[in-house]
Protein chains: 2
Amino acid sequence: MTEKTIPVGCTEDPAAEHDHEAILRLVRRELPTDELLCDLADLFKLFGDTTRMKILFALMESEMCVCAIADLLGMTQSAISHQLRILKDANLVGNRREGKTIYYFLSDDHVRTIVAQGFDHLIEDYTENGERKEEP
Amino acid sequence: MTEKTIPVGCTEDPAAEHDHEAILRLVRRELPTDELLCDLADLFKLFGDTTRMKILFALMESEMCVCAIADLLGMTQSAISHQLRILKDANLVGNRREGKTIYYFLSDDHVRTIVAQGFDHLIEDYTENGERKEEP
DNA sequence: CATTCATATGTTTGTCTGTTCATATGATAG
DNA sequence: CTATCATATGAACAGACAAACATATGAATG
């Protein structure tokens, strides 16, 4: 019984009554590679932080220098700089130098479309459920 | 100098030469509320995990029971169940009972559009930079 | 060339979160 | 009503990560 250490919860026996073989074959055929799925999750992870989201929204209005963003969000220049580096490594933002100050800007319109998509989902949730979900 | 403990990096003096007041006013006016920005980040956070991303892709093909997903991803039933709960709390998936087994499905087409948007961005990155960025 | 301003970076710390293990619920069959 | 299958849940542990702090780079100005 403990010979293969397969997770509990579902019958290990291939010939069990509860059979998902058909569906598994179908889904396995259509599922993208692990690498792509990972990259995709990593992309969305960038949008999954409040600070970065704020930065992106700010840059949608105008290019900004680091200390302006820090001022806007009421956060350390260091914190903003770290986040900007992450966004830049992912090619979501670019920067240009002008004397001492460095201006950051959105490098892509994908950012706008991706964020807009999530925005729509949220708004629909808000209107569907009155104000906020699970309330008496 | 240390009277207000304002982060270093940018001049604290409101009348400093490096002036972002104009831009700050503009951006502050257009920036959504903190609550909305948080909710938006929380939404994207859901897509920011490989396991959840795989589950969502699988459910795009067909509704599936928990143990089928666990089998597909080679993971514990418990792990899958925990993630499904998170997705269900966010109304991204729903479930229905059929005897002992419980089938999960996408509750929304938003999931498809959101994921597709990220997908497009990735694909474009892939083709733009040959195969993968930063290589000799 | 020394100083100052704007930004970047390395390190540390505290928090969040995904997985595992053990156990509980809930439904069906005998 | 007991045993078993499918799933859910609670607690604990480990890894990831964002913010803070201190410090380094790099440009401009006198």
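Order of the sequence lines sets the chain letters (A, B, ...), proteins ahead of strands, with each chain counted from 1. Quantities reported herein were computed from a predicted structural model and do not represent experimental measurements. Values below: all heavy atoms of this structure, side chains included; hydrogens, waters and symmetry mates excluded.
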Hey, could you give me the CD1/CE distance between B/Ile55 and B/Met53, rounded to the nearest 0.5 Å? 11.0 Å
In whole Å, what is the span from the CD atom of B/Gln83 to the C1' atom of C/dC16? 14 Å
Could you pick out which residue, B/Asn95 or A/Asp49, lies toward the 5' side of DNA chain D when each is mapped onto its nearest nucleotide? B/Asn95
Residue list, side-chain contact (heavy atoms from CB on, under 4.5 Å) with A/Ile102, at least two apart or on another chain: A/Asn95, A/Arg97, A/Tyr104
Counting any heavy atom closer than 4.0 Å, what does A/Leu73 reach on the DNA or RNA strands: base, sugar-phosphate only, or nothing? nothing
So, using side-chain contact (heavy atoms from CB on, under 4.5 Å) as the criterion, who are the partners of A/Ala79 when residues are at least two apart? A/Met75, A/Thr76
Counting the atoms with a prime plus P, OP1 and OP2 as sugar-phosphate, which does B/Ile69 contact under 4.0 Å by heavy atoms, base, sugar-phosphate, or nothing? nothing
Using whole Å, what does the distance between atom P of nucleotide C/dG18 and atom CG of B/Leu87 come to? 10 Å
Scan B/Tyr104 against the nucleic acid and name what it touches under 4.0 Å (heavy atoms): base, sugar-phosphate only, or nothing. sugar-phosphate
Does B/Thr51 put a side-chain nitrogen or oxygen below 4.0 Å from OP1 or OP2 of C/dT19? yes
Between protein and nucleotides 12-16 of chain D, what N or O pairs are separated by less than 3.5 Å?
none

Show every salt bridge (charged side-chain N to carboxylate O under 4.0 Å, His left out) that has at least one partner inside residues 70-87 of chain B, sequence neighbours left out. B/Arg85-B/Asp89
Could you go through nucleotides 25-30 of chain D and list every protein N or O atom that sits under 3.5 Å from one of its N or O atoms, giving the distance for each pair?
none

Report the residues that fulfil salt bridge (Lys or Arg N to Asp or Glu O under 4.0 Å) with B/Arg96, sequence neighbours left out, ordered by chain and then residue number. B/Glu63, B/Glu98
In chain order, what residues pass the ring pair (Phe, Tyr, Trp, His ring centres under 6.0 Å) check against B/Phe47, with sequence neighbours excluded? A/Phe44
A/Asp120: salt bridge (Lys or Arg N to Asp or Glu O under 4.0 Å) partners, not counting sequence neighbours: none
Taking salt bridge (Lys or Arg N to Asp or Glu O under 4.0 Å) as the test, write out the residues that go with A/Arg28, two or more places apart. none
Output all residues satisfying side-chain contact (heavy atoms from CB on, under 4.5 Å) with B/Thr50, sequence neighbours left out; order by chain, then residue number. A/Cys38, A/Ala41, B/Lys54
Please name the pair of heavy atoms, one in B/Leu73 and one in B/Thr51, separated by the smallest distance, quoted to 0.1 Å. CD1-O, 4.1 Å
Identify, with sequence neighbours excluded, every residue that meets salt bridge (Lys or Arg N to Asp or Glu O under 4.0 Å) alongside B/Asp42. B/Lys45
Is the phosphate of C/dT19, meaning OP1 or OP2, less than 4.0 Å from a side-chain N or O of B/Thr76? no
Distances for protein N or O near nucleotides 9-12 of chain C N or O, under 3.5 Å:
unit_1: C/dT9; atom_1: O4; unit_2: A/Ser78; atom_2: OG; d: 2.8
unit_1: C/dG10; atom_1: O6; unit_2: A/His82; atom_2: NE2; d: 2.8

